[in-house]
Peer 1: 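Below is one structure. I have some questions about it.
Any value given below was found using the heavy atoms of this structure, including those in side chains, with hydrogens, waters and symmetry copies removed. All values derive from a computational prediction rather than experimental measurement.
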Amino acid sequence: MTTTTTPRPWLASYGQVPAEIDADAHRSVVSLLEQAMQQYADKTAFCAFGRTLSYAEVDRMSARFATWLQRELGVAKGDRVAVMMPNLAAFPIVFLGITRLGAVQVNVNPLYTPRELAHQLRDAGARAIVIFNGATPTLAEVLEDTPVTRVVGVSPGDGLGVALPGPAADARIAAKVIALGPILEGDGPTDYAAPEIGGEDLLFLQYTGGTTGLSKGACLSHRNLVANTEQYKAFLRETLRPGEEVVVTALPLYHIFALMVNLISYFSLGAQNWLVANPRDMDGLVDTLKKARPTVLTGVNTLYAGMAAHPRLAEVDFSRLLQAAGGGSAIMEATSNRWQEITGQMVLEGYGLSETSPVLTLNPPFVGRFTGTTGLPFPSTDIKLIDKEGREVPVGTAGEICAKGPQVMRGYWQKPEANAEAFTADGYFRTGDVGVFDAQGFLKIVDRIKDMIIVSGFNVYPNEIEAVATACPGVLECACIGVPDDKTGEAVALFAVAMPGAALDEAALLAHCRAALTAYKVPRLVRIVEALPKSTVGKVLRRELRAPH
């Protein structure tokens, strides 16, 4: 980490948190997780569909899969293998099998369109894909136009030793699909030839959302993920209990937030992980929470808002819950307050990106109240805010968030021009987000640069409008965008979703906003809608709200 003459106010707020971590505490993610599989061999690692897997079983089946990949498919260190599935028990087993060979996992959203899938497979140069059978119709549309030559099909019960109902592989490519279940659960060899894997070796190609064009693959190394795991554990060390944690994973594991926090970090701590394959099934999620009685939850604002509004959430015993972390998009104060009323725990908001493995900042557990910020930078992380000329701005002034640390990617896969734009001359990653530090070093995200609305020359930040609107009685969630206006250049348009059974009208919401916002920030257009367009991770897609209505 480079030194700087500008004071870093967050260091004084750390308390017992160390200022630095050892990013090389483990040679690779493989060595980190193999240590856990030995230490916690007899403990339950995963729960799914009423079945359990021990750490020893995950160890054995992932070694069997690694051996099969190496001998049957010729997968070698550095090869890219795509993985396209929801949170099934097979996911961590497949991940460990690929990783043990030094191969690179390309995480693919199982709800991708054919166009999105084809681009990612071609861009990554993936020769093999491990895919949930339910997603094979998408693959069938484009398989011939990709470098993929081998397809491994996944069923819901694979790895659990049980046949569960699930879709068959698409008939168009069924003859090419190799079933995963018999590979994992058979008596095949486990003696793969383990390569030397170091911190700089590539672990993931994590594709960005592609909000401004075709998605790019963030190159995340073993050291990046070891570092972010060590940062997470150092930051939360006062509340972590190795060997005793119970985590419910409703966020998709193909997304870097759940992949780093729920899977890699908590697996290394010997946690019991309850996998939720379909978080949109709120009744099923509540049932899982009742059985698991988690100590840890992760989610995005929409997930917490949905759970807090569910009439059956009161059935869940949250007495063991010590931490609820949120990210991906801003956590609204109203959501956190509702969640705290029900569970006793506020939602600790954090901030990060695919390019930063992902966590850069997090609210520490000792804050005790909703801060409206994304918390303090992680240990060994330096963040500076810069203006349009690239000059660092003082504390209290908004600027583009630029980050440097061992969790920051080396660059985008085969995109030298994008890399040149993505980093400052002194090596800080430019996030494209606008933030401001307070005197204690807590970072508040003002907004994405491109999402800022300019009304008559005044900057309006959607997060502020949304926080106000969400506090209006009857509002479940909302989003705002800028729309063209003849008089002011742009005006604020607000889209809101009502709570179940609530009587919410546009006039009341507008009056609420008028009472809390200066005139130029008050929405010119207010619409009550049934739902907001979202990504599979739960982020509101503002670009879709901008489409003609």
Side-chain angles (χ1 to χ4, degrees), residues 28-38 40-49 51-106 126-133 135-136 139 148-164 166-169 173-197 203 253 263 267 273 275:
S28 67
V29 167
V30 174
S31 61
L32 170 70
L33 300 185
E34 284 183 340
Q35 179 179 307
M37 289 187 286
Q38 294 164 12
Y40 302 109
D42 296 332
K43 290 186 65 65
T44 296
F46 298 100
C47 303
F49 299 113
R51 301 284 175 144
T52 62
L53 280 177
S54 70
Y55 278 80
E57 289 171 320
V58 173
D59 187 4
R60 188 163 53 251
M61 282 191 280
S62 63
R64 190 170 291 138
F65 186 57
T67 306
W68 183 86
L69 284 174
Q70 191 174 67
R71 296 182 184 178
E72 300 299 322
L73 301 194
V75 172
K77 181 178 177 180
D79 287 349
R80 277 80 61 206
V81 179
V83 175
M84 187 176 183
M85 71 174 104
N87 292 1
L88 302 174
F91 192 109
I93 299 169
V94 165
F95 155 62
L96 274 159
I98 293 168
T99 305
R100 287 177 127 169
L101 296 180
V104 182
Q105 179 158 319
V106 182
R127 294 190 301 109
I129 185 170
V130 185
I131 182 170
F132 175 52
N133 283 331
T136 53
L139 180 63
V148 171
T149 58
R150 308 301 291 270
V151 180
V152 180
V154 181
S155 296
D158 288 351
L160 298 172
V162 60
L164 296 174
I173 60 171
K176 300 178 180 179
V177 176
I178 307 159
L180 177 66
I183 300 169
L184 301 185
E185 295 149 22
D187 56 0
T190 57
D191 57 339
Y192 62 94
E196 281 290 318
I197 303 172
L203 174 65
L253 287 169
L263 181 50
F267 191 92
N273 199 328
L275 300 176

Peer 1: What's the shortest heavy-atom distance between Pro195 and Lys77, and which atoms?
Peer 2: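 For Pro195 and Lys77, the tightest heavy-atom pair comes out as CB-CD, 4.3 Å.
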Peer 1: Which atom names give the shortest non-hydrogen contact between Ala103 and Val75, and what distance separates them?
Peer 2: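 Residues Ala103 and Val75, closest heavy atoms: CB-CG1, 3.8 Å.
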Peer 1: Sequence neighbours left out, what passes side chain to side chain donor-acceptor pair (under 3.5 Å) with Arg64? Give chain and number order.
Peer 2: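 Applying side chain to side chain donor-acceptor pair (under 3.5 Å) to Arg64 gives none.
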Peer 1: Donor-acceptor pair, Ser155 side chain versus Asp158 backbone, under 3.5 Å?
Peer 2: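 It does not hold such a pair.
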Peer 1: Nearest heavy-atom pair of Pro86 and Phe91: which atoms, and what distance?
Peer 2: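 The answer is O-CD1, 4.0 Å.
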Peer 1: Apply side chain to side chain donor-acceptor pair (under 3.5 Å) to Asn273 and list each qualifying residue two or more places apart in sequence or on a separate chain.
Peer 2: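 For Asn273 the side chain to side chain donor-acceptor pair (under 3.5 Å) partners, ignoring immediate neighbours, are Thr249.
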Peer 1: Can you run down the salt bridge (Lys or Arg N to Asp or Glu O under 4.0 Å) pairs that involve residues 79-94, sequence neighbours left out, and say none if there aren't any?
Peer 2: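 Those involving residues 79-94 are Asp79-Arg127.
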Peer 1: Are Leu88 and Leu275 packed together at the side-chain level, in the sense that at least one heavy-atom pair is separated by less than 4.5 angstrom?
Peer 2: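 Sidechains of Leu275 and Leu88: no contact.
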Peer 1: Keeping Thr44 on the side-chain end and Phe46 on the backbone end, is there a donor-acceptor pair under 3.5 Å?
Peer 2: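 Checking the backbone N and O of Phe46 against the side chain of Thr44, no donor-acceptor pair under 3.5 Å is found.
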Peer 1: Locate the shortest heavy-atom distance separating Thr136 from Ala168; write the atom from each residue and the value.
Peer 2: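 Closest approach of Thr136 to Ala168: OG1-O, 4.2 Å.
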Peer 1: Take Val81 and Ile129, measure what side-chain contact (heavy atoms from CB on, under 4.5 Å) needs, and give me the verdict at the end.
Peer 2: CA-CA 6 Å; Val81 179; Ile129 185 170; over 6 Å; no
Peer 1: Does Ser62 have any side chain to side chain donor-acceptor pair (under 3.5 Å) partners at least two apart in sequence or in another chain, and if so, which?
Peer 2: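 By the side chain to side chain donor-acceptor pair (under 3.5 Å) rule, Ser62 matches Arg100.
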Peer 1: State, to 0.1 Å, how close Ala45 and Phe267 come at their nearest heavy-atom pair, and which atoms those are.
Peer 2: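 Closest pair (atom of Ala45, atom of Phe267, distance): CB-CE1, 4.2 Å.
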Peer 1: Do Ser54 side-chain atoms and Glu57 backbone N/O form a donor-acceptor pair below 3.5 Å?
Peer 2: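 Flag set: sc Ser54 to bb Glu57 pair under 3.5 Å.
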Peer 1: Say whether, by atom type as modelled, one donor and one acceptor occur between the side chain of Gln105 and the main chain of Ile98 under 3.5 angstrom.
Peer 2: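 No, because the side chain of Gln105 does not come within donor-acceptor range (under 3.5 Å) of the backbone of Ile98.
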Peer 1: Who passes salt bridge (Lys or Arg N to Asp or Glu O under 4.0 Å) against Glu185, sequence neighbours left out?
Peer 2: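 Listed in chain order: nothing, the list is empty.
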Peer 1: So, Lys43 side chain and Met37 main chain: donor-acceptor pair closer than 3.5 Å or not?
Peer 2: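 Not a single qualifying donor-acceptor pair exists.
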Peer 1: Closest heavy-atom contact between Arg51 and Leu160?
Peer 2: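 Smallest heavy-atom distance, with atoms named: CB-CD2, 3.8 Å.
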Peer 1: Evaluate the criterion side-chain contact (heavy atoms from CB on, under 4.5 Å) for residue pair Asn133 and Val177; output intermediate values, then yes/no.
Peer 2: CA-CA 9 Å; Asn133 283 331; Val177 176; 4.3 Å; yes
Peer 1: So Phe95 and Leu33, side-chain contact (heavy atoms from CB on, under 4.5 Å) or not? Walk me through it.
Peer 2: CA-CA 11 Å; Phe95 155 62; Leu33 300 185; 3.7 Å; yes
Peer 1: Decide yes or no on side-chain contact (heavy atoms from CB on, under 4.5 Å) for Asp42 and Tyr55, but give the supporting numbers first.
Peer 2: CA-CA 6 Å; Asp42 296 332; Tyr55 278 80; over 6 Å; no
Peer 1: Under the rule for side chain to side chain donor-acceptor pair (under 3.5 Å), what residues qualify as partners of Arg71, not counting sequence neighbours?
Peer 2: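 Counting only residues at least two positions away or on another chain, Arg71 forms a side chain to side chain donor-acceptor pair (under 3.5 Å) with Asp191.
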Peer 1: With a 4.5 Å heavy-atom cut-off, do Val154 and Val130 have their side chains touching?
Peer 2: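 Yes, their side chains come closer than 4.5 Å.
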